[in-house]
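Contents: one structure, followed by commentary.
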Amino acid sequence: MGKILGIVNQKGGVGKTTTAINLAACLALEGLKVLLVDCDPQANCSSGLGFQRDDNRHSIYDVLMGEAPAEQVILPTEIDLLSLLPGSKNLTGANIELAGAEDRAIRLRMALEPIQDGYDLVILDCPPALDLLTLNVLAAADTLIVPMQAEYFALEGISELISTLERVRAAFNPTLTIEGVLLTMYDDRTNLAQQVTETLREYFKERLFRTVIPRNVRLAEAPSHGKPVALYDARSRGTEAYFELAGEFLARNGIEPPSRKGRIAGEPEVVARKFLRS
């Protein structure tokens, strides 16, 4: 059964969607079969993979409402092993429409169960809020990556998130764990970034990823072209960082990716060419 990984932080602008898109892409380029689920009403994961807003297209909203099964909504992407369950602005209404349902917190988990075995990994991108959609992500996920910037307010937000996780474990998902905390938009030239990093390392220890995601122009540009950064600029610092993160994630989970057989070290574009959809 494929592992379900949530990309979660109630704070906006910390790189959740950037991480969801690019980690999913790099893992797929490494040879894993990956499903990316866009649970954010802004649907930036969908547009970041080249799918512009289409109100007539089925989305995860229809799946959560029971109007379409997940397998009929999934879309192929430019990367052969990466599929997308698209988001929609209609998800904004899901918080209200599901409020009275007894199974409101586990709709996503139930929707993914029939298709989970078909993927090595399912990655869930959630909105920047602790709402019903995020609760569904927490109830469905096996483990979480928490992207955050190295700044003071991020430390305040992480304590609130951990408190929420404890309540979700007690009520819906007792095996939920934090895979790791990921520093994003990182600038190691500032004293604050170094201080926050040390504080996080003391608290999270090995759960703080060694990989850090730098501020990078190519990472910012790639979504406007509807591509993950690995396809937009295979040699950028952003591409290198997300391949490094993918490698660290795989090592933590004891997974040897198919692409490593015969791979040329330091040549991510070799991997990209191999797994692009023809």
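- Comment: Arg237 does not engage Glu240 in a salt bridge, judged by the lack of any side-chain N to carboxylate O separation of less than 4.0 angstrom.
- Listed by first and then second residue, the ring pair (Phe, Tyr, Trp, His ring centres under 6.0 Å) pairs involving residues 186-223 amount to none (not counting sequence neighbours).
- Taking 4.5 Å as the limit, some side-chain heavy atom of Gln116 sits within range of a side-chain heavy atom of Ile4.
- For the atom pair Leu161 CG and Leu130 CG, the distance stands at 6.5 Å (nearest 0.5 Å).
- In this structure, the separation between CZ on Arg169 and OG1 on Thr164 is 11.0 Å, given to the nearest 0.5 Å.
- You'll find the side chain of Lys11 stays beyond 4.5 Å of the side chain of Met148, heavy atoms only.
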Original post:
Run the side-chain hydrogen bond (donor to acceptor under 3.5 Å, both in side chains) check on Ser46 and Asp38 step by step: do they pass?
Top reply: CA-CA 7 Å; Ser46 304; Asp38 189 350; 2.8 Å; yes

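- Between the side chain of Asn173 and the backbone N or O of Val168, no donor-acceptor pair lies under 3.5 Å.
- Side chains of Leu82 and Leu29 form no contact here, defined as non-hydrogen atoms less than 4.5 Å apart.
- Residues Leu231 and Ile213 share a single hydrophobic cluster, defined by chaining ILVMFWY side chains whose heavy atoms lie under 4.5 Å apart.
- Of the possible polar contacts, none joining the Asp120 side chain to the Leu32 backbone as a donor-acceptor pair under 3.5 Å is found.
- Across every non-hydrogen atom of Thr197 and Leu208, the tightest pair is O-CD2, 4.0 Å.
- The shortest side-chain heavy-atom distance between Leu200 and Leu183 falls under the 4.5 Å cut-off.
- Note that the CG atom of Leu36 and the CD1 atom of Ile74 stand 11.0 Å from one another [nearest 0.5 Å].
- Rounding to the nearest 0.5 angstrom, the gap separating the CD atom in Glu113 from the CE atom in Met110 is 8.0 Å.
- Using a 4.0 Å cut-off between a side-chain N of Lys or Arg and a carboxylate O of Asp or Glu, Arg252 and Glu248 qualify as a salt bridge.
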Original post:
How far apart are the C-alpha atoms of Leu124 and Val122, what are their side-chain angles, what is the distance that settles it, and do they pass the side-chain contact (heavy atoms from CB on, under 4.5 Å) test?
Top reply: CA-CA 7 Å; Leu124 312 176; Val122 179; 3.9 Å; yes

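- For the residue pair Lys16 and Val8, the shortest heavy atom distance occurs at CD-C, 3.8 Å.
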**OP:** I would like to know whether Leu35 and Ile115 meet side-chain contact (heavy atoms from CB on, under 4.5 Å); could you show each step before the answer?
**Re:** CA-CA 10 Å; Leu35 174 64; Ile115 61 171; 3.7 Å; yes

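- In this structure, the side chain of Gln149 does not engage the main chain of Val14 through any donor-acceptor pair within 3.5 Å.
- Formation of a donor-acceptor pair under 3.5 Å by the Asn136 side chain with backbone atoms of Leu108 is found in this model.
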**OP:** For Thr211 and Tyr242, run side-chain hydrogen bond (donor to acceptor under 3.5 Å, both in side chains): C-alpha distance rounded to whole Å, both residues' side-chain angles, the deciding distance at 0.1 Å, then the answer.
**Re:** CA-CA 8 Å; Thr211 303; Tyr242 275 107; over 6 Å; no

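- The shortest distance between side-chain heavy atoms of Leu27 and Ile123 falls below 4.5 Å.
- Closest of all the heavy-atom pairs between Asp233 and Thr239 is O-OG1, 2.7 Å.
- Side-chain heavy atoms closer than 4.5 Å link hydrophobic residues (I, L, V, M, F, W, Y) into clusters, and following such links, even through other members, never connects Leu245 to Tyr232.
- Across every non-hydrogen atom of Met185 and Gly15, the tightest pair is CE-N, 3.7 Å.
- Expressed to the nearest 0.5 Å, how far CD1 of Ile79 lies from NZ of Lys227 amounts to 9.0 Å.
- A distance of 11.5 Å separates CD1 of Ile60 from CZ of Arg107, quoted to the nearest 0.5 Å.
- For the side-chain hydrogen bond (donor to acceptor under 3.5 Å, both in side chains) test, no residue two or more places apart in sequence or in another chain qualifies with Asn216.
- Partner of Gln42 under the side chain to side chain contact (heavy atoms under 4.5 Å, CB included) criterion, out of Pro128, Ser47, Ser88, Pro127: Pro128 alone.
- Taking each heavy atom of Ser236 and Val229 in turn, the nearest pair found is OG-CG2, 3.5 Å.
- Residues Leu133 and Pro41 have side chains in contact (heavy-atom distance under 4.5 Å, counting atoms from C-beta outward).
- In this structure, Thr143 contributes its side chain and Glu179 its backbone to a donor-acceptor pair below 3.5 Å.
- Inter-residue side-chain proximity for Leu135 and Arg104 is flagged as unmet; no heavy-atom pair is nearer than 4.5 Å.
- Minimum heavy-atom separation, Asp62 to Ser59: OD2-N, 2.8 Å.
- Between Leu64 and Leu91 there is a side-chain heavy-atom pair separated by less than 4.5 Å.
- The same ILVMFWY cluster, assembled from side-chain heavy atoms under 4.5 Å apart, contains both Val181 and Val196.
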